2 protein chains.
Amino acid sequence: MAKSGAPSNVMVRGGARSAETRRLLIEAAVDVLKSDGYAGASARVIAERAGSNQGLIFYHFGSVANLLLAALDSVSTARMEQYGSSVGAVGSATELVDSATEIFRSDLDAGYITVLVEMIAGASSTPGLGAEVAARIGPWKEFAQLAIEDALGDSPLGQVLPSKDVAYAIVALYLGLEMLSHLDGDRQPALALFAHAKQLAGLFEAMTGPSSTKET
Amino acid sequence: MAKSGAPSNVMVRGGARSAETRRLLIEAAVDVLKSDGYAGASARVIAERAGSNQGLIFYHFGSVANLLLAALDSVSTARMEQYGSSVGAVGSATELVDSATEIFRSDLDAGYITVLVEMIAGASSTPGLGAEVAARIGPWKEFAQLAIEDALGDSPLGQVLPSKDVAYAIVALYLGLEMLSHLDGDRQPALALFAHAKQLAGLFEAMTGPSSTKET
DNA sequence: GTCTATACTTGGATAGAC
DNA sequence: GTCTATCCAAGTATAGAC
């Protein structure tokens, strides 16, 4: 039963050729999600952008939805690898805002949040997809929560606001800001908000005194 | 040239029968956007839910996208009529949060924000749709801005934070919270946030003194 | 003027070629 | 094992019936 035949439902096949094809398709899927959204992400369009045949999508991933989930995974992984290190470096509210600003700007330019938004919104149209997407947002929330706890954990504000709820809000805000920025083709208003947030953070730190910052 | 014939690109036709068909189609379009999202909102699906013929969509609206825009207009209008009166009644930060909470809960149940989210996310896939949707978000931003100015206009916080930027953030947050709530099928985390916001508003009012509330 | 039947296009999925 | 040619369903749009 070892080397036997017909493509099963379970993905991930052996050959190096296969891996390369998969990589190209995932890359193209991410690209199409960014430019044409979920509704425009058909097997044909994705395959064409990958310079590949549309049938391969069903061979390698079983369905378009599965490929799109793989694309979301790819983006999530890339993002976490990119930012995972910068979490620990945060020590105060202003630094947290600075870090968040940089991450948001970077995410916006890379189109990471676009992919996430399109997958969330698109999930409504494909039965079963919602749960899969929901499961993949966990890391995004956890990442935000970790950053918040690192920065505000033992400060007065940290006592009042549960980090989990705040993380939820931050992720929601990211999604919403992406949508509006993307729609208007103008990221300026969103970035202006981060500038205000930094002002507020500074104000808050001044009010509660320098002792509120974490010392390692 | 008065009573002449062939359906032009410009919509809105005369008869009462026509108006009724249009109404049914718009209603169905809103419904389908809520349940199946933009990607699932095809002419066939919408027409079937309206108990109507799919060809009528193209006769009355010229394209599916135009019908969906009409659906968005319908939702926007209904929402503004529903909440327009409650804006003036707000006099303090806590009242503003209370009002916002109620509006958010109502929006969530009615599916208004779902329609908006789907249209924004879906706009990526249809050329030209983005600009149309963007133009229709103006009122939502203005509504939020007006409410904020009413509540915070001459308070200390109102001096620091430009109402336009804050309104932008609020709308973005609404969109994001809707997406997450909708995806998880759980509105509890989002509503918990409003509870926290009320705490903060109360804290803020206590700090700045009762003089910061508006007197009419 | 309003609506239905039909034409044509694109999309998902697979049977079969290599 | 990997990929391509082909099938059928679903989509948009319109020509023509009422």
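None of the values given here were measured: they were computed from a predicted structure. Just so it is clear: chains get the letters A, B, ... in the order the sequence lines come, proteins before strands, and each one is counted from 1.
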Review point. Which residues, if any, of residues 42-57 of chain B bring a heavy atom under 4.0 Å of DNA chain C?
Key: Asn53(B), Gln54(B), Gly55(B), Leu56(B)
Review point. Given dC3(D), dT12(D), dC3(C), which nucleotide is nearest the side-chain atoms of Val64(B)?
Key: dT12(D)
Review point. Given dC3(C), is OP1 or OP2 found less than 4.0 Å from the side-chain N or O atoms of Thr21(B)?
Key: yes
Exercise for review: Quickly work out the Tyr38(A) OH to dG12(C) C1' distance and round it to whole Å.
Suggested key: 12 Å
Review point. If you look only at pairs with a residue in residues 170-180 of chain B, which of them pass as a salt bridge (charged side-chain N to carboxylate O under 4.0 Å, His left out), with sequence neighbours excluded?
Key: none
Exercise for review: Can you sort out the partners of Thr77(A) under side-chain contact (heavy atoms from CB on, under 4.5 Å), two or more places apart, ordered by chain and number?
Suggested key: Glu81(A)
**Study point:** Separation of atom CZ in Phe61(B) from atom P in dT14(D), rounded to whole Å
**Key:** 17 Å
Check your understanding: Within the structure, does a side-chain N or O atom of Ser63(A) lie under 4.0 Å from either OP1 or OP2 of dG12(C)?
Key -> no
Check your understanding: Are any of the side-chain nitrogens in Arg17(A) or Glu20(A) under 4.0 Å away from the carboxylate oxygens of its partner?
Key -> no
Practice item. Could you work out which one of dT14(D), dC3(C), dT2(D) sits closest to the side chain of Tyr59(B)? Key: dC3(C)
Point to revise | Residue pair Leu68(A) / Ala41(A): nearest heavy atoms and the distance that separates them | key: CD2-CB, 4.1 Å
Revision key, fill the gap. Separation of dG11(D) atom C1' from Leu67(B) atom CG, nearest Å, is 15 Å
Point to revise | salt bridge (charged side-chain N to carboxylate O under 4.0 Å, His left out) pairs, two or more places apart, involving residues 89-100 of chain A | key: Asp98(A)-Lys198(A)
Review point. Can Arg23(B) and Glu27(B) be counted as an ion pair, charged N to O under 4.0 angstrom?
Key: yes
Practice item. Verify the contact: side-chain N or O of His60(A) to OP1 or OP2 of dC3(D), cut-off strictly under 4.0 Å; return yes or no. Key: yes
**Study point:** Spacing of Arg22(B) atom CZ relative to dC3(C) atom P, expressed in whole Å
**Key:** 12 Å
Study note, to complete from the structure: Value for NZ (Lys141(B)) from CG (Leu146(B)), rounded to nearest 0.5 Å, stands at 15.5 Å
**Study point:** Selection: residues 115-126 of chain B, any non-hydrogen atom under 4.0 Å of DNA chain C
**Key:** none
Review point. Under 3.5 Å, is there a donor-acceptor pair between the Thr21(B) and Tyr59(B) side chains?
Key: no
Review point. Taking only residues two or more places apart in sequence, or in another chain, which ones meet Phe104(B) in a ring-ring contact (aromatic ring centres under 6.0 Å, His included)?
Key: Tyr174(B), Phe194(B)
Exercise for review: Find the distance Phe58(B):CZ to dC8(C):C1' and express it as a whole number of Å.
Suggested key: 13 Å
